[in-house]
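In the text below, chain A, chain B and the rest are named by the order of the sequence lines, each starting its count at 1. Note that the structure is a prediction, hence the values are computed from the model and not measured. When reading the values below, keep in mind they use all heavy atoms of this one structure, side chains included, and skip hydrogens, waters and symmetry mates.
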2 protein chains.
Amino acid sequence: MVTIKDIARAAGVSPATVSRALNDSPLLREETKTRIRHLAAELGYEKNELARGLVKGASGAIGLIIPDITNPFFADIARGAEEVARVRGYGVLLCTTEGDPELERSHLHLLRRKRVDGLLLTSVTAEDPYLEDLVRANVPFVLVSRLVRRLDAPFVVGDDRHGARLAVEHLISIGHRRIGFIGGPKDVQSSQDRMEAYQVALAEQGLPPRRGWAVFASFTQDAGREWGRALLSRKDRPTALFAANDLIALGVMEAAEEVGLRIPEDLSLVGYDNISYAALPRIQLTTVAQPTVEMGRIAAEYLLDVIDGSRRRKLRKVLRPHLVVRRTTAPPPSRADTRDLTTG
Amino acid sequence: MVTIKDIARAAGVSPATVSRALNDSPLLREETKTRIRHLAAELGYEKNELARGLVKGASGAIGLIIPDITNPFFADIARGAEEVARVRGYGVLLCTTEGDPELERSHLHLLRRKRVDGLLLTSVTAEDPYLEDLVRANVPFVLVSRLVRRLDAPFVVGDDRHGARLAVEHLISIGHRRIGFIGGPKDVQSSQDRMEAYQVALAEQGLPPRRGWAVFASFTQDAGREWGRALLSRKDRPTALFAANDLIALGVMEAAEEVGLRIPEDLSLVGYDNISYAALPRIQLTTVAQPTVEMGRIAAEYLLDVIDGSRRRKLRKVLRPHLVVRRTTAPPPSRADTRDLTTG
DNA sequence: TTGTACGCGTTATCAC
DNA sequence: GTGATAACGCGTACAA
């Protein structure tokens with residue numbers, strides 16, 4: 001590999017001058033700058049960011065921690081983040097945790113050893129124990145899509161209460177009165193918020209909560225299938241289900257098919273997130289859309305601002321979701337139909 | 001940040017000794033090694049990989065270049081790659097090109113500046129001009145899922161001819177005689193192979209190629225929809241379509257719905273790759289399964305072996321795909337049905 | 001078995 | 001304007 005010393009020798013100047021030329025120092029005269037740059041290009045010089053990082057105390061890379069890149073929700077975030085990192089000349093180190101705190105911990109160490117300049121965190125559950133270490137170590141980071149109440153950390157999230165309300169009100173507006181909810185994990189903030197907003201929205205319309213129609217579960221298709229089966233097998237089953245994310249909704253689709261319920265004729269279904277799955281032909285899931293890619297972008301943009309020292313005010317971004325009505329919601333079956341089905 | 005000097009001072013030894021202890025040098029006595037290590041842990045020491053990389057000429061990271069992390073096919077590869085990189089202590093720098101050669105080029109430069117130890121390349125079309133630069137620069141790399149004939153580079157691919165044959169033979173075995181094909185880009189090797197194998201498989205069964213039933217397009221849902229519409233609107237439309245990947249197949253699903261054809265009653269459909277979309281409820285696409293995650297794993301494993309200097313023979317892995325029969329294939333409609341539909 | 005001294009490629013601080 | 005020189009944190013010949 002060619003170094004600035006090689007260029008210096010070839011140009012008949014000192015390494016310092018080469019460095020200045022390459023960094024566009026105002027101290028040099030234009031003429032020498034361009035001359036040296038041409039020479040560098042000719043020799044195929046590539047700056048060594050390891051060396052640069054060593055002296056400047058910055059690596060020019062950020063870490064992105066997610067549970068699973070295969071989950072389209074996180075892939076969207078990754079995409080937004082990578083996009084802005086790229087245009088700002090930063091690298092992004094991909095770290096997947098599989099939801100395992102131990103893996104998260106080891107990734108965090110790897111990233112510190114690599115001296116990443118900042119972190120984008122998504123897989124953070126409420127009790128995540130490593131966050132205080134990060135603030136102690138003074139590593140800039142942003143929480144993406146998951147909020148941690150006990151900490152005063154910068155974040156980008158969606159307005160979960162508003163989103164859940166949109167879902168429930170949509171169902172009510174087309175005539176549903178018997179609306180169930182399958183939630184995410186109990187210890188995740190967004191999960192709690194969606195549950196609460198669901199209950200509030202029902203209450204506002206004078207619809208009493210029905211015992212067993214709303215459950216905490218987990219953000220997976222499996223959970224959706226299992227709980228969907230349970231809820232839909234009840235004698236007094238709901239005519240509509242609001243799923244706390246799209247994966248759960250897909251599980252409910254499976255359950256509905258197993259139980260012999262048609263969507264949307266017999267059962268209306270609303271998801272959350274509007275991941276790529278939701279728009280697929282035949283799925284066509286009505287869902288609450290979060291600007292997921294945008295969340296990744298905003299988080300990365302802020303993080304890099306902080307790193308570059310240009311930003312001061314702490315990021316507290318709450319993005320408004322909106323409802324995307326597709327083909328999994330329709331008015332509930334008439335009473336006759338309902339009787340038919342509940343006895344069947 | 002605490003350095004080995006700090007530890008040396010605290011331990012009353014020289015920095016060199018600390019370095020040796022941390023790298024488990026056989027020169028040191030166990031006792032001092034463990035003592036120093038404990039001390040390092042206490043002080044919260046984290047090795048500076050920038051400095052280490054500078055002296056060793058290796059960064060401890062590899063680059064992963066893909067067109068789009070949002071595409072489940074590439075997300076699968078990324079997952080496999082990240083998984084093995086993680087256990088072997090390497091970082092992976094995520095680079096997405098959006099299929100733009102210019103972006104690919106700039107990423108390649110960034111990665112060289114970061115002195116990555118190796119590269120995983122997926123978005124490489126046949127004319128990719130940067131590959132020779134890489135071999136010239138002596139950067140280890142592996143081609144994943146895309147083959148470049150003119151170059152003698154290590155690769156992991158699926159056996160596309162075999163896969164395509166599986167698809168076509170399945171369709172023939174359940175009674176289809178009128179089988180169309182919508183391919184990927186003409187300049188991609190796997191695309192060409194699938195097309196050829198499709199034609200060979202037909203010919204072997206004595207089924208003559210029909211003019212206009214087989215087309216090169218691109219690996220996107222849009223392409224599937226457009227070409228699907230075109231092929232399915234013909235008077236002499238096929239009773240089955242083989243799509244060169246699952247995204248195309250999804251587009252065909254849309255087209256079929258537009259045209260009023262039911263799948264699989266009126267039209268059988270086979271995809272390729274078995275991405276996560278294919279297994280979704282209501283999609284349930286019959287498809288040729290590639291071990292995509294495994295491809296990422298194998299590629300990374302080999303790359304890191306090369307980097308560590310433990311591997312010599314060039315990787316030329318061709319993985320066997322298998323057919324996953326789901327619900328988009330069925331025997332063709334009877335002749336009466338066919339007449340009905342073509343006049344409708 | 002351990003310490004000394006140097007170099008990895010760059011930037012920054014002095015001089016000139 | 002430009003050139004020495006000294007860091008940055010670590011690994012490693014060489015010496016002890």
Side-chain angles (χ1 to χ4, degrees), chain A residues 1-37 39-40 43-61 89 109-110 112-117 137 308-309, chain B residues 1-37 39-40 43-61 89 109-110 112-117 137 308-309:
Chain A
M1 287 253 86
V2 21
T3 73
I4 51 171
K5 281 186 193 166
D6 301 323
I7 302 174
R9 207 173 312 133
V13 296
S14 77
T17 304
V18 176
S19 175
R20 285 191 268 251
L22 264 23
N23 290 316
D24 201 16
S25 157
L27 301 174
L28 255 50
R29 94 175 59 139
E30 277 308 320
E31 185 198 310
T32 41
K33 277 203 257 185
T34 52
R35 185 170 63 93
I36 290 175
R37 278 185 205 146
L39 206 48
L43 298 180
Y45 170 76
E46 296 275 8
K47 174 181 305 193
N48 186 335
E49 295 219 347
L50 263 43
R52 176 171 218 272
L54 183 57
V55 24
K56 305 210 63 152
S59 66
H109 277 116
L110 178 66
R112 296 223 60 203
R113 288 204 303 277
K114 293 211 169 302
R115 296 297 189 270
V116 290
D117 303 330
D308 295 350
Chain B
M1 286 253 88
V2 22
T3 73
I4 51 172
K5 278 187 195 164
D6 301 322
I7 303 175
R9 207 173 309 130
V13 296
S14 79
T17 303
V18 175
S19 173
R20 285 192 267 253
L22 264 23
N23 290 317
D24 201 18
S25 158
L27 300 173
L28 255 52
R29 96 174 58 138
E30 277 307 320
E31 185 198 309
T32 41
K33 276 201 257 186
T34 53
R35 185 170 63 91
I36 290 174
R37 279 185 204 146
L39 206 50
L43 299 181
Y45 171 75
E46 296 275 9
K47 176 180 306 191
N48 186 334
E49 295 218 348
L50 262 44
R52 177 172 218 272
L54 184 56
V55 24
K56 306 212 60 152
S59 65
H109 276 116
L110 178 65
R112 298 225 58 203
R113 288 204 303 276
K114 294 211 168 303
R115 294 297 190 270
V116 291
D117 303 330
D308 295 350

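- Between the side chain of A:Lys114 and the main chain of A:Ser59, no donor-acceptor pair closer than 3.5 Å is present.
- Non-hydrogen atoms lying under 4.0 Å from DNA chain C are contributed by B:Leu27, B:Leu28, B:Arg29, B:Thr32, all within residues 26-36 of chain B.
- Note that CG of B:Leu22 and CZ of B:Arg37 are 7.5 Å apart. Values are rounded to the nearest 0.5 Å.
- In this view, A:Arg113 and A:His109, A:Leu110, B:Glu46, B:Lys47, B:Glu49 satisfy the side-chain contact (heavy atoms from CB on, under 4.5 Å) rule, not counting sequence neighbours.
- Each of B:Ala51 and B:Val18 lies near DNA chain C, and the nucleotide nearest B:Val18 is the one positioned closer to the 5' end.
- Inter-axis angle, ends of the helix from C:dT1-D:dA16 to C:dC16-D:dG1, five pairs per end, rounded to 10 degrees: 40°.
- Note that CG of A:Leu27 and CZ of A:Arg20 are 6.5 Å apart. Values are rounded to the nearest 0.5 Å.
- A:Asn23 has a side-chain polar atom (N or O) that falls below the 4.0 Å cut-off from OP1 or OP2 of C:dT11.
- Side-chain atoms of B:Ser25 never come within 3.5 Å of backbone atoms of B:Ala21 as a donor-acceptor pair (strictly under, hydrogens ignored).
- Taken from NZ in A:Lys56 to CG in A:Asp117, the straight-line distance is 11.0 Å, to the nearest 0.5 Å.
- Once you apply a 4.0 Å limit to the heavy atoms of chain A, the touched nucleotides of DNA chain D run 5' to 3' over D:dG1 to D:dG9.
- Using a 4.0 Å heavy-atom distance criterion, A:Ser19 is classed as a base contact.
- Side-chain contact check for B:Met1 versus B:Asn48: every heavy-atom pair is 4.5 Å or farther apart.
- The CD atom of A:Glu31 lies 10.5 Å from the CD1 atom of A:Ile36; values are rounded to the nearest 0.5 Å.
- Going from atom CG of A:Leu54 over to atom C1' of C:dC8 covers 9 Å, rounded to whole Å.
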Distance-only donor-acceptor pairs under 3.5 Å for side chains of residues 2-16 of chain A, two or more places apart:
residue : atom : partner : partner atom : Å
A:Thr3  : OG1  : A:Lys5  : N            : 3.1
A:Asp6  : OD2  : A:Thr3  : N            : 2.8
A:Ser14 : OG   : A:Ala16 : N            : 3.4
A:Ser14 : OG   : A:Thr17 : N            : 3.3
A:Ser14 : OG   : A:Thr17 : OG1          : 3.2

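- Nucleotide C:dG9 holds its P atom 17 Å from the NZ atom of B:Lys114, rounded to whole Å.
- In the region residues 4-17 of chain A, proximity to DNA chain C at under 4.0 angstrom, judged on heavy atoms, holds for A:Ile4, A:Lys5, A:Ala16.
- Atom NZ in A:Lys56 sits roughly 10 Å away from atom C1' in C:dT10 (whole-Å rounding).
- Between the C1' atom of C:dC8 and the CZ atom of B:Arg52 lies a distance of 13 Å, rounded to the nearest Å.
- Between the CG atom of A:Leu54 and the CZ atom of B:Arg52 there is a distance of 14.0 Å, given to the nearest 0.5 Å.
- Taking atom CZ of A:Arg20 as the reference point, atom P of C:dA12 lies 10 Å away to the nearest angstrom.
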